[in-house]
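As structure tokens, the structure follows; a few thoughts come after it.
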Number of protein chains: 2
Amino acid sequence: MTTVSSPTKERILSAAELLFAETGIATTSLRQITSRARVNLAAVNYHFGSKDGLIDAVYERRLGPVTDGWLGNIETLEKQYGDSAIPVEEIVESFVLPVARLAADEVRGGRIFMRLLAQGYSEARHYFEKLFSSQYQHVLDRYRQALRHAIPDLPSESLCWRLQFLLGALTQGLSGGELLRLIEGQADPRDTKRAVKELIPFLVAGLKAPPPQLEMTVELEDGASPSTMDSSVRKASA
Amino acid sequence: MTTVSSPTKERILSAAELLFAETGIATTSLRQITSRARVNLAAVNYHFGSKDGLIDAVYERRLGPVTDGWLGNIETLEKQYGDSAIPVEEIVESFVLPVARLAADEVRGGRIFMRLLAQGYSEARHYFEKLFSSQYQHVLDRYRQALRHAIPDLPSESLCWRLQFLLGALTQGLSGGELLRLIEGQADPRDTKRAVKELIPFLVAGLKAPPPQLEMTVELEDGASPSTMDSSVRKASA
DNA sequence: GTCTATAGAGGGATAGAC
DNA sequence: GTCTATCCCTCTATAGAC
């Protein structure tokens, strides 16, 4: 490994990231990548060994800083608050910002990569599982502990669910999604700063919400005719 | 078109759905599909015209009932409440349930399809855009109007953002996600009824959250050293 | 480190018999 | 409606010259 990555390597990474995000990983060929990067076809295999090696490298380049940001933020908060609970707002903010910074970084990939991230679970699962078990699990767990402390009345199982919802809303919200445009809003999905401002109160309120009424009944079997109204959730104390 | 779809057609659809969800659409070959469906290779082109035709059909089969459920539910609520505002809980519930019913339907695809849905934005974008503009846009808009009426203090632009967050949390939460397992919880990601019970209070609280403080400053440029704490969100009234 | 040329595998689609 | 056989294409990866 050289001290400074060769320009060729960077060109390939950026071109790959862009094309992956635009049309998917599997459908993007090395020919497309090298041609857009104005680099020779064989360079990919020389620098990354294989297409899989390239995919790994694309993710690695962007996710490193996010993990670093998460880890640094949560440690700072832990030290700052000692044994007292960290406010939920602070926790959420410190979690959202490193991701938002990535999404906002137009020069180095930005929102393009967020879309890759959103689809990553399916297309680069191997890489994600490896990465998660080695790094993210620890970091996520510290955030979970902090939230457990901050919202003591919430059962820890519910907290797990809410963390998952949070991740879904976060990736969707920062991906500059097609979705928002289709909702026909006046909102500009590319405005990352606005996305952060909108995300934080939404997530904080969701996390602080009263725990679910587990006694309630949810009917999901489609026994009734399709025209029947979904009156199938009934409170236990009705 | 026959009154009852041929068994071959159904076999192909189910095999395709499964394989698409497991390994992605682009990487799944027609040979894999037809061999799993125990059907001849040429049958795909006979029944669906092309691989693209098959992809469309896979989505169509599952999404039809969801749209019908959404439309039926919102119309029932509109009639029921007349000119007065529908409670947010009712709106959310009536939106979540048709999707949950799909996710819970193990026999006819179930969660497998939810994963397809989650990745759909990237891999089947053409189909999604077509479908959205023709059907979903109208339905989503009625939900948006109902929420606007139910939460009059929320700026309509914020509502658009929150709808997007809602969709992200919903798909992530009902996909039986890998994520939840990695958070190392006691939660069972496959428990759709539980997911619904957890989703509703989370989403309702998020929607009802106070509007964002738009005056606050969000710093996303990474000027500072990486070790600096993210104290970059500052309230205007500090 | 970069290039050309090509091997070798696997893909989607179709023609034509049954 | 189903099947076989095959066409033609694009892909990844590599060997070997420079």
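So you know, we letter chains A, B, ... as the sequences are listed, proteins then strands, and number each from 1. Nothing here was measured: the structure is a model prediction, and the numbers come from that model. Values below: every heavy atom of this structure, side chains too, minus hydrogens, waters and symmetry copies.
Taking the centre of each ring, B:F113 and B:Y59 come in below the 6.0 Å mark.
At least one side-chain heavy atom of B:Y143 sits less than 4.5 Å from a side-chain heavy atom of B:S94. In this structure, the side chains of B:K197 and A:W161 stay at 4.5 Å or more apart for every pair of heavy atoms. Contact of the B:M114 side chain with the B:V99 side chain is registered, since non-hydrogen atoms from C-beta on lie closer than 4.5 Å. A heavy-atom distance below 4.5 Å is not found between the side chains of B:F95 and B:I91.
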Donor-acceptor pairs are to be reported for all side-chain atoms of residues 34-47 of chain B against protein atoms at under 3.5 Å, with residues two or more places apart or in another chain.
from	atom 1	to	atom 2	distance (Å)
B:T34	OG1	B:L30	O	2.9
B:T34	OG1	B:R31	O	3.3
B:N40	OD1	B:A42	N	2.9

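The CG atom of A:L140 lies 10.5 Å from the CG atom of A:L147; values are rounded to the nearest 0.5 Å. The structure places OG1 of B:T28 at 12.0 Å from CD of B:E17, a figure rounded to the nearest 0.5 Å. Atoms CD1 and OG, from A:I33 and A:S14 in turn, are 11.5 Å apart once rounded to the nearest 0.5 Å.
Contacts of residues 40-48 of chain B with DNA chain D (heavy atom under 4.0 Å): B:N40, B:A42, B:Y46, B:H47.
A sub-4.0 Å separation between OP1 or OP2 of D:dT2 and a side-chain N or O of B:T8 is present. B:S29 has a side-chain polar atom (N or O) that falls below the 4.0 Å cut-off from OP1 or OP2 of C:dG11.
Residues A:G49 and A:Q32 each lie close to DNA chain D; by heavy-atom proximity, the contact nearer the 5' end of the strand is made by A:Q32.
One interatomic measurement links the two molecules: CD1 of B:I33 to C1' of C:dG10, which rounds to 15 Å at whole-angstrom precision. Atoms CD (A:E10) and P (C:dG1) sit 13 Å apart, rounded to a whole Å. Taking atom CZ of B:R31 as the reference point, atom P of D:dA5 lies 13 Å away to the nearest angstrom. In this structure, the CZ atom of B:R38 is 12 Å from the P atom of D:dC3, given to the nearest Å. As rounded to whole Å, 15 Å separates atom C1' of C:dG10 from atom CG of A:L30.
Fit an axis to the five pairs at each end of the helix from C:dG1-D:dC18 to C:dC18-D:dG1 and the two axes sit 0° apart, to the nearest 10 degrees.
Within the 4.0 angstrom heavy-atom criterion, no nucleotide atom of any strand lies near A:T34.
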